[in-house]
Amino acid sequence: MRIFKTYGQDAVRLISENPYRLAKDIRGIGFKTADQIARKMGIAPDAMIRVRAGISYALGEAMDEGHCGLPVGELLTGTAELLEVADPLIETALTLELEAGNVVADSVGETNCIFLAGLYRAEQSIAERLRACTVGRPPWPEIDAEKAMTWVECKTGLALAPSQQEAVRLALCSKVLVITGGPGVGKTTLVNAILKIVTAKGTDVQLCAPTGRAAKRLSESTGLEGKTVHRLLEMDPATGGFKRDDTNPLTCDLLVVDEASMVDVLLMRSLLRALPDSAALLIVGDVDQLPSVGPGQVLADIIGSGAVPVVRLTEVFRQAAQSRIITNAHRINESRMPELSAEEGSDFYFVEAADPEIGLRKLLAVVRDRIPARFGLDPVRDVQVLCPMNRGGLGARSLNVELQQALNAPGEVKVERFGWTYGPGDKVMQIANDYDRDVFNGDLGVIDRIDIEEGELTVSFDGREVVYGFGELDELVLAYATTIHKSQGSEYPAVVIPLVTQHYAMLARNLLYTGVTRGRKLVVLVGQKKALAIAVRNQGGRRRWSKLKEWLVQGAI
């Protein structure tokens with residue numbers, strides 16, 4: 001069905017000409033499946049069409065891991081392992097891919113790399129647009145910062161700290177500004193002060209964030225309309241592109257982009273293309289969180305380049321300092337162990353479990369019994385289990401099955417598809433952007449009803465009903481547990497995080513920090529202190545291969 005939706009009447013002809021295009025064009029079909037089809041069609045293992053497809057696939061896999069390119073040696077080795085063909089063939093195929101313009105050769109520092117052409121050009125474009133945006137004065141009339149701050153403090157009843165005052169002064173005279181900092185350091189207060197001052201001067205402001213939940217939070221905190229980036233840029237489901245671009249730019253004097261650590265290279269390129277040259281840009285995000293799921297590390301590269309002014313807020317305000325979640329998040333970020341002694345009224349707990357089996361029993365008890373009894377929270381709607389990884393006994397996949405049994409065991413009415421069983425009342429997550437239905441990767445919902453005769457399932461996303469045919473359920477997964485990566489940009493009343501040494505490959509400081517900062521009222525860690533110590537000490541993640549920082553440094557003003 002998906003193949004026909006993508007290629008229409010030309011499906012058979014196109015696949016016959018090049019079955020490897022399936023791996024590139026159709027979600028859920030990997031290189032190995034396309035390779036099997038090609039073999040059955042008589043395409044030889046050393047055919048150039050196969051070797052070239054292997055190079056594209058290796059770079060596509062690297063993109064899924066956040067890279068914009070790969071060192072040449074790593075690419076050649078990875079392609080050789082995938083295809084099991086001789087090196088000279090791969091080198092010939094790489095030359096042909098370079099000549100065709102599908103890939104680009106360049107260096108990052110001293111390392112020679114190969115980039116997917118689209119990502120290479122996107123990073124170049126971001127650097128060019130950012131440089132263009134920094135030129136000239138902001139679009140609002142000159143503002144006396146001292147008077148403006150007195151006025152805004154009077155209006156809001158909030159006193160700005162010296163670091164925030166400095167940031168306001170900088171914001172009022174900058175066309176591009178980055179504000180970064182962890183939880184409780186006053187990013188929201190600062191952004192609100194800036195917005196109140198500039199809108200009082202008649203400035204037309206647009207606000208956006210990468211996810212629906214983050215956009216909703218932005219609306220709630222500012223009192224202005226926040227949109228998802230896709231909605232702001234007017235996604236066109238027919239073409240998969242955006243209606244807003246350099247030929248049809250946004251109409252605003254100031255664009256605010258929140259949760260910017262989640263914005264990948266392709267999305268930032270689209271945003272900056274649609275930004276009018278005259279407009280100012282305010283980028284807000286926590287650079288210490290995980291980088292975007294998509295390719296690149298845009299926020300970190302912009303900050304690291306020194307090409308635009310940056311305000312880094314570090315002071316935790318007194319009210320926020322009373323929260324163990326916030327103080328422990330900062331301890332983790334500073335590579336220090338969190339405070340684990342649970343005082344009465346604490347919002348941060350550690351439940352020790354010697355091994356994964358005990359961990360599973362304790363986690364189920366915490367979610368099903370202890371949190372609802374102690375804090376009055378609904379175990380399905382209010383509690384989110386966040387895992388370092390998908391695999392393993394305390395990974396998201398098997399925990400979903402266990403939590404479903406404990407919280408909402410399937411009854412008479414159920415449907416089994418794509419390895420999951422779904423019943424009414426199940427918590428589910430959308431795992432692909434679906435512009436027709438207006439639901440996006442990471443959106444959480446609850447199944448309202450299942451109509452077996454019609455072959456349909458209805459999910460409620462924040463009160464909005466969305467219908468899926470049974471054949472389309474590969475867009476959903478159970479979501480009692482999800483990975484920390486998938487939780488970016490979201491907040492939940494309570495978060496439970498399993499941590500065991502079995503997760504060793506994924507235990508990293510920015511991962512744990514991101515997970516802990518998702519909890520609004522309560523965070524419970526379940527597992528081994530040793531695993532917690534590994535995560536706190538491990539600076540984390542292999543480096544991402546991207547060239548944006550270099551492009552920005554080369555053109556720094």
Side-chain angles (χ1 to χ4, degrees), residues 63 68-69 101-104 106 115-140 174-178 198 203-211 215 218 224-260 262-285 292 294-299 301-302 305 307-309 433 435 440 546-557:
M63 181 176 108
C68 294
N102 297 330
V103 298
V104 177
D106 201 344
F115 293 85
L116 283 169
L119 291 176
Y120 183 81
R121 286 195 289 272
E123 288 201 306
Q124 240 176 345
S125 167
I126 291 169
E128 284 165 12
R129 288 295 300 134
L130 270 177
R131 282 201 293 279
C133 290
T134 55
V135 176
R137 274 197 40 73
W140 45 82
S174 302
K175 257 192 89 190
V176 180
L177 180 68
V178 176
V198 298
T203 305
D204 183 6
V205 175
Q206 293 266 28
L207 310 176
C208 68
T211 65
L218 190 56
L224 301 167
E225 188 189 8
K227 297 178 180 175
T228 61
V229 176
H230 290 88
R231 216 176 110 220
L232 177 78
L233 296 179
E234 297 173 26
M235 183 77 206
D236 183 354
T239 64
F242 295 113
K243 291 176 184 171
R244 294 286 183 177
D245 56 17
D246 46 353
T247 61
N248 179 30
L250 296 166
T251 52
C252 65
D253 302 315
L254 170 64
L255 175 65
V256 179
V257 184
D258 196 18
E259 291 284 2
M262 296 179 65
V263 179
D264 65 25
V265 162
L266 296 171
L267 202 53
M268 185 56 89
R269 191 265 316 265
S270 297
L271 256 178
L272 293 179
R273 267 175 70 183
L275 187 68
D277 284 339
S278 59
L281 174 66
L282 180 58
I283 299 171
V284 185
S292 56
Q297 46 194 10
V298 176
L299 182 62
D301 282 347
I302 291 172
S305 72
V308 301
N433 289 337
Y435 304 107
F440 299 97
S546 80
K547 199 172 165 71
L548 177 58
K549 183 175 166 184
E550 283 188 22
W551 292 124
L552 286 165
V553 168
Q554 283 166 23
I557 297 143

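Heads up: numbering here begins at 1 and tracks the sequence.
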- ring-ring contact (aromatic ring centres under 6.0 Å, His included) filter on F242, not counting sequence neighbours, yields H230
Rounded to the nearest 0.5 Å, what separates atom [atom1] in [X] from atom [atom2] in [Y]?
X: S270; Y: L232; atom1: OG; atom2: CG; answer: 11.0 Å
X: K547; Y: L119; atom1: NZ; atom2: CG; answer: 14.5 Å
X: R244; Y: L233; atom1: CZ; atom2: CG; answer: 9.0 Å
X: L207; Y: L218; atom1: CG; atom2: CG; answer: 5.0 Å
X: Q297; Y: C68; atom1: CD; atom2: SG; answer: 8.0 Å
X: E234; Y: K227; atom1: CD; atom2: NZ; answer: 7.0 Å

- Query: Is any side-chain heavy atom of L281 less than 4.5 Å from a side-chain heavy atom of V257?
  - Reply: yes
- Item | Flag side-chain contact, heavy atom, 4.5 Å: V308 against L552 | no
Just by modelled atom types, is the [Y] backbone N or O under 3.5 Å from a matching donor or acceptor in the [X] side chain?
X: D204; Y: D253; result: no
X: E259; Y: A209; result: no
X: D264; Y: S292; result: no
X: R129; Y: L272; result: yes
X: K175; Y: D277; result: yes

- Query: Considering all heavy atoms of both residues, which atom of T228 and which atom of A215 are nearest to each other, and what is their separation?
  - Reply: N-CB, 3.8 Å
